[in-house]
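Only heavy atoms go into these numbers, but all of them, side chains included; no hydrogens, no water, no symmetry mates. In each ligand, atom 1 is the first atom listed, and ligand 1 is the first ligand listed.
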Amino acid sequence: MQYINEHEAAIHLKEGEVVALPTETVYGLAANALDPVAARKIFDIKGRPLIDPLIVHVHSLEQAQELAFFNQQASLCAQALWPGPLTLILPKKPIVSDIITANQGTVALRLPNNAIFRQVLELAQCPLAAPSANPFSYISPTRTSHVEESLGDKIPYIVDGGPCTFGIESTILDLSGREPKILRPGPITAQMIEEKTGIRTNVLNVNEKHPIQSPGSLSKHYSPSTPLVLFECEKEVPKTERSAIVYFQKPSHVNYVSGQDVYWLTHNGSLKEAAKELFSMLRKLDKKAYKTIFFQSPPTEGIGIALNDRLYRAASKIGGFIRSEQV
Ligand code: TXA
Ligand code: MG
């Protein structure tokens, strides 16, 4: 994998190559969204099934309107919350190819708020399809080192943007059906959407199947290889050898147990800091060959709702159903 700048990235993208790029959420693996052969390369590199549609990134609302039909709610959301970590699912226009949408009538659109990604969009002069730059169903990358360690031998180019600001994938809001529905919680919360646009949304339950194919909302996704158990209260955690216990915030007193390593996501309890650290922490722990990772649920407010969603999906490997009482 070669490190390049924004200008070189735009040239390679125009020529039908794929390039890993930073966004404000996670690193994406980008290709020209109007070139089906280029877009196909993304699926091969990620090992992603062709039934899993891609998010298309645009540099302006006008460019988005060339790709999808905007109703009033969509225009409101775009005006109030773009650029930013919000993906809108809308009825697609014919110019969008079936490989992008996995043969569905809708397309996922996002106007990102990362200076590097936006500059590449401007220079390349085409919309860019970009899923997270990780092997299918593994943890999304929030640093270049994450991209390098899991796909470095398959991705030809990357632009370095440092650690991602949010550290967790965009909110996905489906506006193509009868009711606005959040398919994937993210940095833009239901509360923020309502405050900024007046639109009330339902959040897809983590165990609910959505009629639209959206593997990011599968109950098992974003998973480390090591079994992960979510807990709420420390006394629920068994004293097991070769395990890790991760607190949300640095505890005032730690009861060290032999064979059990102790970590925390934040020093000060900031949910924003926790979001930035989460995927790094999961990747780091996954390399240590623990038998189990015990992870404390973050508070379920603001971006904490999205953190719990990702941890729940990461944890769903064990018995498919995680409740703290079962720990
Ligand atoms: O923050 C993000 O959204 C990052 C950065 C790179 O932009 N991208 C990202 O893409 O997370 P990806 O492909 O890893 O996750 C996108 C999710 C997938 O679960 C996909 O199934 C869903 O969006 N999706 C895409 N198009 C859809 C559609 N038309 N209907 C329903 N879900 C869709
Ligand atoms: Mg992904």
Looking at every non-hydrogen atom in both residues, tell me the closest pair between Cys77 and Ile199 and how far apart they are. SG-CD1, 3.8 Å

Output yes if Ser140 passes the N/O/S-under-2.8 Å test against the Mg ion (ligand 2); output no otherwise. no

Report the part of Thr25 (side chain from C-beta onward, or backbone N, CA, C, O) that has a heavy atom under 4.0 Å from ligand 1; answer both or neither where that applies. side chain

For atom 7 (O) of ligand 1, tell me which residue out of Glu24, His57, Lys46 has the closest non-hydrogen atom. His57

Which atoms of ligand 1 are found less than 4.0 Å from any heavy atom of Ile89? 27 (C), 28 (C), 30 (N), 31 (C), 32 (N), 33 (C)

Going by the atom numbers of ligand 1, which of them fall below 4.0 Å from some non-hydrogen atom of Arg110? 1 (O), 2 (C), 3 (O), 5 (C), 7 (O)

Is there at least one pair of N or O atoms, one from Glu169 and one from ligand 1, spaced under 3.5 Å apart? no

So is Lys92 in contact with ligand 1, going by heavy-atom distances below 4.0 Å? no

Using heavy-atom distances only, which candidate in Ala130, Ala68, Gly28 approaches atom 8 (N) of ligand 1 most closely? Ala130

Ligand 1 N/O within reach of Tyr27 N/O, cut-off under 3.5 Å: no

Find all atoms of ligand 1 within a distance of less than 4.0 Å from any non-hydrogen atom belonging to Ala108, and give their numbers and elements. 25 (C), 26 (N), 27 (C)

Do Gln260 and Ser243 have side-chain N/O donor and acceptor atoms under 3.5 Å apart? yes

Got a second to check how far Asp52's CG is from Ser137's OG, nearest 0.5 Å? 10.5 Å

Return yes if some donor-acceptor pair links the side-chain N/O of Thr23 with the main-chain N/O of Thr25 below 3.5 Å, else return no. yes

Looking at Arg40, I'd like to know if its CZ atom is crowded, meaning that more than 12 non-hydrogen atoms belonging to other residues, nucleotides or ligands lie closer than 6.0 Å. no

What are the two closest non-hydrogen atoms of Gln73 and Leu175, and how far apart are they? OE1-CD2, 3.8 Å

Enumerated ligand 1 atoms positioned under 4.0 Å from heavy atoms of Thr106: 28 (C), 29 (N), 30 (N)

Distance filter under 4.0 Å to Ser132 heavy atoms, resulting ligand 1 atoms: 8 (N), 9 (C), 10 (O), 12 (P), 14 (O)

Under a 4.0 angstrom heavy-atom cut-off, which atoms of ligand 1 come close to Ile55? 3 (O), 8 (N), 9 (C), 10 (O), 16 (C)

Extract all donor-acceptor atom pairs below 3.5 Å that involve side chains of residues 54-66 and protein atoms in other chains or at least two apart in sequence.
unit_1: His57; atom_1: ND1; unit_2: Leu128; atom_2: O; d: 3.1
unit_1: Ser60; atom_1: OG; unit_2: Gln63; atom_2: N; d: 3.0
unit_1: Gln63; atom_1: OE1; unit_2: His59; atom_2: N; d: 2.8

For ligand 1, does Thr101 get within less than 4.0 Å through its side chain, its backbone, both, or neither, judged by non-hydrogen atoms? neither

Does ligand 1 come near enough to Gln104 that some N or O of the ligand is less than 3.5 Å from an N or O of the residue? no

Salt bridge (charged side-chain N to carboxylate O under 4.0 Å, His left out): pairs with one or both residues in residues 99-118, sequence neighbours excluded: Glu24-Arg110

Distance, nearest 0.5 Å, that separates NZ of Lys181 from CG of Leu173: 11.5 Å

Atoms in ligand 1 with a heavy atom of Asp52 nearer than 4.0 Å: 18 (C), 20 (C), 21 (O)

Need the ligand 1 atom indices (1-based, order shown) with element for anything under 4.0 Å from a heavy-atom of Ser170. 1 (O), 2 (C), 3 (O)

Could you walk me through whether Tyr138 and His146 pass side chain to side chain contact (heavy atoms under 4.5 Å, CB included), step by step? CA-CA 11 Å; Tyr138 195 61; His146 298 161; over 6 Å; no

Walk me through it: do Glu273 and Asn268 pass the test side-chain hydrogen bond (donor to acceptor under 3.5 Å, both in side chains)? CA-CA 9 Å; Glu273 286 306 309; Asn268 58 6; over 6 Å; no

